[in-house]
Protein chains: 2
Amino acid sequence: MINTAGPRHPLPVITQPAVCCSPLIGRILDGAAAERLASALKALAEPTRLRLISLVAAHDGAEACVCDLTDPVGLSQPTVSHHMKVLVDAGLLEREQRGKWAYYRLVPGALNALADQLATGIGR
Amino acid sequence: MINTAGPRHPLPVITQPAVCCSPLIGRILDGAAAERLASALKALAEPTRLRLISLVAAHDGAEACVCDLTDPVGLSQPTVSHHMKVLVDAGLLEREQRGKWAYYRLVPGALNALADQLATGIGR
DNA sequence: ATCATGCATCGACAACTGTCAATGCTTGTG
DNA sequence: CACAAGCATTGACAGTTGTCGATGCATGAT
C-alpha cells in the first residue's frame, strides 16, 4: 500500500521553522524544471570543469584560451575543448574567436543565477 | 607551443571589473577541492533527485518516507531508495528510522552551503 | 510464531560520460 | 601558395550511472 497523503504514521509533532522560497523548497519541481536545473548542474558537477572555470576566472583579464588551460589541467587539447564546449552550452562560459585563438570568459551572473536557484531565500 | 603565462596574444585591453571571492572565482581550485565540490554537485545534478528534494521539503513537516515519494516520482521503490541514499551520502538529506518507516529531511543549511560555494561574493 | 509491510541490497543491463589519438578546419605567416 | 599553429570534430573505448526485478532484513500486527 502506498501512502500518497503524507505521514499518517507515528509523528512526534515535528514542526520545522518556516523555511521556504527556492525552486527546490517551497514548491514542487515538475519534470521539465527538474530537467533544466539538472542539466545546468551537470555541467558544473565535474572536477575538471570546475577547475577550468576557476582557471579562466583567475587568468589575466578573466579570460583564457585553450592553450592556456591544457597544461594546468593536465589533459589533452581535445578533452579541454570538449569541456569548454559543455560549459558554453550550459551558459556558464562565453566564447570569442580572436585570430587563431578562442577566448573563454565567465558569463556574468551565470554562476550566481545557478546558486540562487539552489538556495534563494533558504534560512536567510 | 603552450602559452602558460597568459594571453600574450592580440589583447584589446579588456579590463574586467574586479569580480572575485568564490571557491571558483578568485583562487584556483586544486584537484582535491574540485573533486569534493564536484561530488556534492553530482548528487544534485539529476532530475529525479532534484524532484525528491523538493518533494521532501514540500511535504507535511518537511519530511517524507520512501512510500510517499515513489508515486509522485513515478519510479520503483528500489530506485527511490537508491536516490535517497545518494542524497544522504552527499549530506543533503538526513535519514531517521521511525518504526517501519524511514523519514528523510533536508539537512538545514546544506543547500545554502553549496550555493555559497558556487557564487559567494560574485558581483554582489 | 507467523505474516504483512516498508525499506535496503544485489545483480544485471542499457545509456551516458570522460578521455585520447587521429583528423579536419581556419587563421596568420613566410 | 604552402606551411604552421590553435582549436574543433570524429571514432573508439573504458568507466560510471540510472533503472528494474528479485531478494533479504527489520518492524509491527495478528
Side-chain angles (χ1 to χ4, degrees), chain A residues 1-11 31 34-35 38-52 56 63-71 73-90 93-105, chain B residues 1-11 31 34-35 38-52 56 63-71 73-90 93-105:
Chain A
M1 179 268 207
I2 292 180
N3 172 15
T4 54
R8 302 285 165 267
H9 323 308
L11 226 188
E35 289 282 354
S39 64
L41 287 171
K42 270 183 203 296
L44 268 182
E46 217 280 334
T48 298
R49 287 197 283 269
L50 287 173
R51 300 196 64 206
L52 286 172
V56 167
E63 64 179 5
C65 46
V66 175
C67 62
D68 294 323
L69 302 171
T70 54
D71 241 39
V73 142
L75 292 174
S76 73
Q77 173 266 312
T79 298
V80 172
S81 272
H82 166 248
H83 283 308
M84 299 305 272
K85 175 172 173 46
V86 171
L87 291 170
V88 168
D89 290 347
L93 292 183
E94 54 191 9
R95 192 191 112 110
E96 181 196 355
Q97 186 91 27
R98 218 149 67 220
K100 308 173 18 179
W101 293 272
Y103 287 89
Y104 291 89
R105 283 187 297 272
Chain B
M1 177 268 206
I2 292 181
N3 171 16
T4 53
R8 300 289 164 265
H9 323 307
L11 227 188
E35 289 282 356
S39 64
L41 288 172
K42 270 183 203 298
L44 268 182
E46 215 280 334
T48 298
R49 287 197 284 270
L50 288 173
R51 300 196 64 204
L52 287 172
V56 166
E63 63 179 5
C65 45
V66 175
C67 63
D68 294 323
L69 301 170
T70 54
D71 242 39
V73 143
L75 293 174
S76 74
Q77 172 266 313
T79 299
V80 172
S81 272
H82 166 248
H83 284 307
M84 299 306 272
K85 176 172 172 47
V86 171
L87 291 170
V88 168
D89 290 347
L93 257 42
E94 53 192 11
R95 192 191 113 111
E96 182 196 355
Q97 185 91 26
R98 218 148 68 220
K100 307 173 19 179
W101 294 271
Y103 287 89
Y104 291 89
R105 283 187 297 272

Handout entry: Point-to-point distance, once rounded to the nearest 0.5 Å, from CZ of A:R105 to CZ of A:R95
Key = 11.5 Å
Problem - Gap between atoms CD and P, on A:Q97 and D:dG6 respectively (whole Å) - result: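 Those two atoms, CD and P, are 13 Å apart.
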Practice task
Taking the side chain as every heavy atom from C-beta outward, state whether A:S81 and A:K85 have any atom pair closer than 4.5 Å.
Solution key: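 When only atoms from C-beta onward are counted, A:K85 and A:S81 do not touch, as no gap falls below 4.5 Å.
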Handout entry: Phosphate-side-chain proximity, B:Y104 and C:dG6, N/O vs OP1/OP2 below 4.0 Å
Key = no
Practice task
Considering just the side-chain nitrogens and oxygens of B:R95, establish if one lies under 4.0 Å of OP1 or OP2 belonging to C:dA8.
Solution key: yes
Problem - Approximate separation, where rounding is to 0.5 Å, of B:K100 NZ and B:C67 SG - result: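 Those atoms lie 9.5 Å apart.
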Exercise for the section: Nearest whole angstrom, please: distance from the P of D:dT9 to the CE of A:M84. Expected result: 13 Å
Exercise for the section: Not counting sequence neighbours, which residues clear side-chain hydrogen bond (donor to acceptor under 3.5 Å, both in side chains) with A:S39? List them please. Expected result: none
Problem - Interatomic distance where CG belongs to A:D89 and P belongs to D:dA8 [whole Å] - result: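 Between P of D:dA8 and CG of A:D89: 11 Å.
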Exercise for the section: Please report, rounded to the nearest Å, how far the C1' atom of C:dG6 is from the CZ atom of B:R98. Expected result: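 Rounded to whole Å, this separation is 14 Å.
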Practice task
Could you check if a side-chain atom of A:L52 sits within less than 4.5 angstrom of a side-chain atom of A:L93, using non-hydrogen atoms only?
Solution key: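 With C-beta onward as the side chain, the pair stays apart.
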Exercise for the section: Could you tell me whether a side-chain N or O of B:Q97 sits under 3.5 Å from a main-chain N or O of B:G99, the two making a donor and an acceptor? Expected result: yes
Handout entry: For atom CG of A:D68 and atom C1' of D:dG6, their distance in whole Å
Key =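 So the two atoms are 11 Å apart, to the nearest Å.
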Practice task
Round to the nearest Å and state the distance from A:E35 atom CD to D:dG18 atom P.
Solution key: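 One finds 12 Å between P of D:dG18 and CD of A:E35, rounded.
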Problem - Spacing of A:E96 atom CD relative to D:dA8 atom P, expressed in whole Å - result: 14 Å
Handout entry: Close side-chain approach of B:M84 and B:L69, heavy atoms under 4.5 Å
Key = yes
Exercise for the section: Write down the distance between CG (A:L93) and P (D:dA8), rounded to a whole number of angstrom. Expected result: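 Atom CG in A:L93 sits about 12 Å away from atom P in D:dA8.
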Problem - Side-chain heavy-atom pair A:V56, A:D68 within 4.5 angstrom cut-off - result: no
Exercise for the section: State, yes or no, whether a side-chain contact exists between B:T79 and B:V73 at a heavy-atom distance under 4.5 Å. Expected result: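 B:T79 does not reach B:V73 side chain to side chain.
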Problem - Angle between terminal axes - the helix from C:dA1-D:dT30 to C:dG30-D:dC1, 5 pairs each end, rounded to 10° - result: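 It comes to 10° between the two terminal axes.
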Problem - Contact state string [nucleotides 14-26 of chain C, B base, S sugar-phosphate only, - no protein heavy atom under 4.0 Å] - result: ----SBBBB----
